[in-house]
Amino acid sequence: MSVEPRLLEVRKNVLKQNDIVARNLRERFRAQATFVVSLVSSPGAGKTAFLEKLLTILQPHYRVAALVGDLATDNDANRLARSKAPVKQITTGTLCHLEAAMIERALEGWETGYLDFLFIENVGNLVCPSSYDLGEDLRVVLLSVTEGEDKPLKYPTIFNCSDVAIITKMDLAGAVEFDIDMVKGNIQAVRPGMRCFEVSSKTGHGLSEFVAFLRDQLAEPGQKLAIAEV
Ligand SMILES: Nc1nc2c(ncn2[C@@H]2O[C@H](COP(=O)(O)OP(=O)(O)OP(=O)(O)O)[C@@H](O)[C@H]2O)c(=O)[nH]1
Ligand SMILES: [Mg+2]
């Protein structure tokens, strides 16, 4: 099926405009030394469960907040708010991904200059979010054990445009005979050298490794020094 050239042009312009807004956001986050982490995955891979745990662990020690995208509900924002961190919902309507302009709008009138970490949960989708830079420092792709080991091979773009991978729901790995070595091999085939974490938000397994990794990111030059040991 051929796509009308004018439609392609419009799409290219939308993406270009997104990059301009994302670049401005990135400069702003850098200037205020806020480290921004976005989470992408298929629907239900465990982004909110993981983020709720993460915010709860980080909140007493760091200045953290979260933005969460969803097509229709504010369920995830309500779940994340249980961590006591400031949270804002972005409702995208029919749009299957977040765009930089939505982040910019959500930040209007919200004092975020003091933040150490801002987390952004994208809409559950393994395809569309890969095209949209949100001005984040770190993009994390989550893959749950119930989705199958082949997903990195079937959705290579989202793995290619992400910085680290997290295998979620490890507590269920045995029940679904998940082959962790195979998935890691598939991730490496698509994105050689990609760092991979294994977590369970139910049991807490692997969370401290990821927290330590985040803490190291804050210690990078240009970022705020860690204000506490977690
Ligand atoms: N057993 C187990 N279940 C989990 C884990 N993490 C999440 N779940 C469950 O998986 C389901 C989906 O989790 P969510 O955190 O809502 O997933 P999500 O990626 O945020 O979903 P969307 O925002 O709708 O894309 C829920 O029923 C969670 O309780 C885990 O580590 N172990
Ligand atoms: Mg969610």
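Start at 1 and go down the list; that is how both ligands and their atoms are numbered.
The ligand atoms of ligand 1 that sit less than 4.0 angstrom from a heavy atom of Leu172 are 1 (N). Close contacts between ligand 1 and Glu121 involve ligand atoms 20 (O), 23 (O) [criterion: under 4.0 Å to a heavy atom]. For ligand 1, the atoms sitting less than 4.0 Å from at least one non-hydrogen atom of Ser200 are 31 (O), numbered in the order shown with element in parentheses.
Checked against the Mg ion (ligand 2), the N, O or S atom of Glu121 at the shortest distance is OE2. Considering just the N/O/S atoms of Asp76, the one nearest the Mg ion (ligand 2) carries the name OD2.
Of the protein's heavy atoms, none falls inside 4.0 Å of atom 28 (C) of ligand 1. Distance check on atom 25 (O) of ligand 1: some protein heavy atom falls below the 4.0 Å cut-off.
A 4.5 Å side-chain heavy-atom check between Val68 and Phe119 finds every atom pair outside the cut-off.
In terms of protein heavy atoms, atom 2 (C) of ligand 1 is closest to Lys202 CG, 3.3 Å. Of the protein's non-hydrogen atoms, the one nearest atom 1 (N) of ligand 1 is Asp171 OD2, 2.8 Å. Given atom 31 (O) of ligand 1, the protein heavy atom at minimum distance is Ser201 N, 2.8 Å.
Residue Val199 has no N or O atom closer than 3.5 Å to an N or O atom of ligand 1. At under 3.5 Å, a nitrogen or oxygen of Ala49, whether backbone or side chain, sits near a nitrogen or oxygen of ligand 1.
The proximity of Asp76 to ligand 1, defined as any non-hydrogen pair under 4.0 Å, is limited to the side chain. With a 4.0 Å cut-off on non-hydrogen atoms, Thr48 touches ligand 1 through its backbone as well as its side chain.
Side chain to side chain, Thr73 and Asp70 meet the donor-acceptor criterion of an N or O pair below 3.5 Å. Between the side chains of Asp171 and Thr203, no donor N or O sits under 3.5 Å from an acceptor N or O. With 3.5 Å as the limit, one finds no donor-acceptor pair spanning the side chains of Ser201 and Lys53.
Here the NZ-NZ distance, from Lys202 to Lys169, works out to 8.5 Å after rounding to the nearest 0.5 Å.
Under the 6.0 Å cut-off for aromatic ring centres, Phe35 and Phe29 do not qualify, their centroids lying 6.0 Å or more apart.
Not a single heavy atom of Thr168 lies less than 4.0 angstrom from ligand 1. In this structure, Glu52 does not count as a contact residue of ligand 1, since none of its heavy atoms falls inside 4.0 Å of the ligand.
Note on ring orientation: taking the six-membered ring where Trp is involved, the planes of His97 and Tyr132 are parallel (angle under 30°, cut-offs 30° and 60°).
Closest heavy-atom approach to atom 8 (N) of ligand 1 among the candidates Lys53, Lys169, Arg79, Lys47: Lys169. Nearest to atom 22 (P) of ligand 1 by heavy atom, out of Gly46, Gly124, Gly44, is Gly44.
Here the side chain of Glu209 pairs no donor or acceptor atom with the backbone of Phe197 at under 3.5 angstrom. Side-chain atoms of Ser162 never come within 3.5 Å of backbone atoms of Val164 as a donor-acceptor pair (strictly under, hydrogens ignored). Side chain of Gln59 to backbone of Ala85: no donor-acceptor contact under 3.5 angstrom is found.
Each of Val40, Asn125, Leu134, Leu67 was evaluated against Leu98; a single residue qualifies, Leu134, per the side chain to side chain contact (heavy atoms under 4.5 Å, CB included) test.
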(request) Show your reasoning for whether salt bridge (Lys or Arg N to Asp or Glu O under 4.0 Å) applies to Arg26 and Asp137. (result) CA-CA 8 Å; Arg26 186 166 286 114; Asp137 295 295; 5.2 Å; no
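Put simply, Thr48 gets within reach of the Mg ion (ligand 2), with an N, O or S atom under 2.8 Å from it.
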